[in-house]
Number of protein chains: 2
Amino acid sequence: MPSIAPTERIRIVLARPSHTGNIGAAARAMKTMGFADLRLVAPRHAPDAQAAALAAGAADVLEAARIADRLEEALAGTVLAAGFSARTRDLSHPLRALRDAAPELLARAQEGPVALVFGNETSGLSNEELGHCAMQVAIPANPAYGSLNLAAAVQVACYELASAAGRFAVGEAGEREAATSEDVEALVAHWESAMRESGYLDPARPGRLMERLRRLVARAGLERAEVKFLRGMLAAFEARMRR
Amino acid sequence: MPSIAPTERIRIVLARPSHTGNIGAAARAMKTMGFADLRLVAPRHAPDAQAAALAAGAADVLEAARIADRLEEALAGTVLAAGFSARTRDLSHPLRALRDAAPELLARAQEGPVALVFGNETSGLSNEELGHCAMQVAIPANPAYGSLNLAAAVQVACYELASAAGRFAVGEAGEREAATSEDVEALVAHWESAMRESGYLDPARPGRLMERLRRLVARAGLERAEVKFLRGMLAAFEARMRR
């Protein structure tokens with residue numbers, strides 16, 4: 001049985017979106033985090049040029065988006081639907097923070113498709129829509145103004161799931177080679193010698209100058225190329241001082 | 001000495017933004033996560049009606065945004081600048097994932113303002129701009145398409161910092177009162193009795209029916225009001241069966 005990456009089992013459902021730009025921006029947000037299954041429930045307008053413009057490089061996700069008349073259709077085949085809403089309801093599921101819910105959403109996605117359901121830009125998810133969801137998830141936000149843009153909420157949800165899955169790593173810095181302790185010792189000795197020669201370091205009254213220098217150098221986490229550059233500079237100072 | 005919430009010490013710096021809509025959307029993203037200090041470096045256009053429209057309820061953040069000619073001005077007073085870029089450079093800082101970097105950013109914000117620096121929509125941060133930053137941070141993303149919209153990147157960064165700071169909690173579900181074990185036992189007994197009366201449960205061949213029911217009821221985590229509703233329903237079935 002082939003193993004299925006749980007992120008391929010995450011479906012983003014936008015219920016009654018008003019603005020096509022948000023549909024496109026949501027497609028872009030999904031693709032940046034590796035998700036591709038987008039469903040639209042009764043959008044006010046079908047995706048148009050504005051949607052395509054905001055989808056940018058995620059035209060494939062936008063074009064493959066399926067439109068349903070009712071939420072039940074968009075949820076067909078899912079094993080779990082999580083409704084995104086920060087509003088508490090009289091009759092409600094327990095409200096869970098996105099970060100707490102993410103591991104469970106990924107675990108359930110091993111069993112089958114899991115839907116993340118987002119409501120209309122202005123009114124959010126209705127009680128009826130939330131009733132189709134087995135879980136209510138909130139993105140913790142400023143109580144004085146917690147209104148995330150729809151695509152921004154999709155971006156945060158997809159980011160959280162991709163992070164919880166450990167899906168993507170960040171690149172390595174190129175050409176980085178850390179200096180060895182010998183490199184650093186040689187640099188510090190060179191630096192000390194140059195400071196003596198300049199008169200800035202008085203061997204009779206050294207104070208804590210060398211201690212400060214060592215601490216700074218240790219904290220900087222120098223690269224080999226940086227040690228080379230610094231020693232070149234010190235050599236140039238020395239040469240100039242000797243003229 | 002009053003304690004300073006580290007999130008008040010986070011400054012969002014947009015370097016050379018091209019689209020005023022993104023400036024407004026970034027202001028909105030910031031405010032939803034409790035941040036307010038926005039700086040613009042040489043924006044192509046000053047914030048306009050499009051910026052205000054996308055700022056939505058964050059007009060205050062947008063209006064208070066300060067414009068600088070050069071990045072150094074926008075960083076004045078900061079103790080740390082973190083440049084957001086996923087691109088590795090020949091001469092670069094070690095690249096750190098946002099989630100790993102967040103605790104350190106918050107810790108440094110205890111010492112003074114910390115800037116999160118975002119580059120132009122198309123070209124990102126230049127090497128020169130990144131040179132003013134002490135740290136390079138990346139939002140882990142799809143290697144096949146990792147291009148987050150500018151405001152979406154600001155939203156994710158602000159979400160991650162607010163989450164790492166544990167700044168906001170999600171609300172409690174209203175009116176929720178969990179059923180006690182006595183409530184649940186009485187419900188299960190009632191249910192069993194109704195199923196016997198209907199003939200669905202045959203005492204001579206009970207199979208695992210009650211075991212299944214108990215497991216389902218336990219997993220559902222019932223509320224008291226739900227127990228009451230279910231027992232009312234069972235009573236109605238019983239009454240109807242007896243007619």
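Hydrogens, waters and symmetry mates play no part in the numbers below; they use all other heavy atoms, side chains included. Letters go in sequence order (proteins before strands), and every chain restarts at 1.
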>> Among A/K31, A/R96, A/M33, which residue has the highest count of heavy-atom pairs closer than 4.5 Å to chain B?
In response: A/K31
>> If you count heavy-atom pairs within less than 4.5 Å of chain A, which of B/A25, B/A138, B/G57 leads?
In response: B/G57
>> Using only non-hydrogen atoms and a strict under-4.5 angstrom cutoff, which residues of residues 148-163 of chain B touch chain A?
In response: B/L148, B/N149, B/A152, B/Q155, B/V156, B/Y159, B/E160, B/S163
> Minimum heavy-atom separation for B/P140 to A/V170, with atom names?
Replying inline: CG-CG1, 3.8 Å
> Could you name the residues of residues 111-121 of chain B that have a heavy atom within less than 4.5 Å of a heavy atom in chain A?
Replying inline: none
> Looking at A/S147, A/A169, A/A225, A/A29, which makes the most heavy-atom pairs under 4.5 Å with chain B?
Replying inline: A/S147
> So what's closer than 4.5 Å to chain A heavy atoms on B/A56: side chain, backbone, both or neither?
Replying inline: both
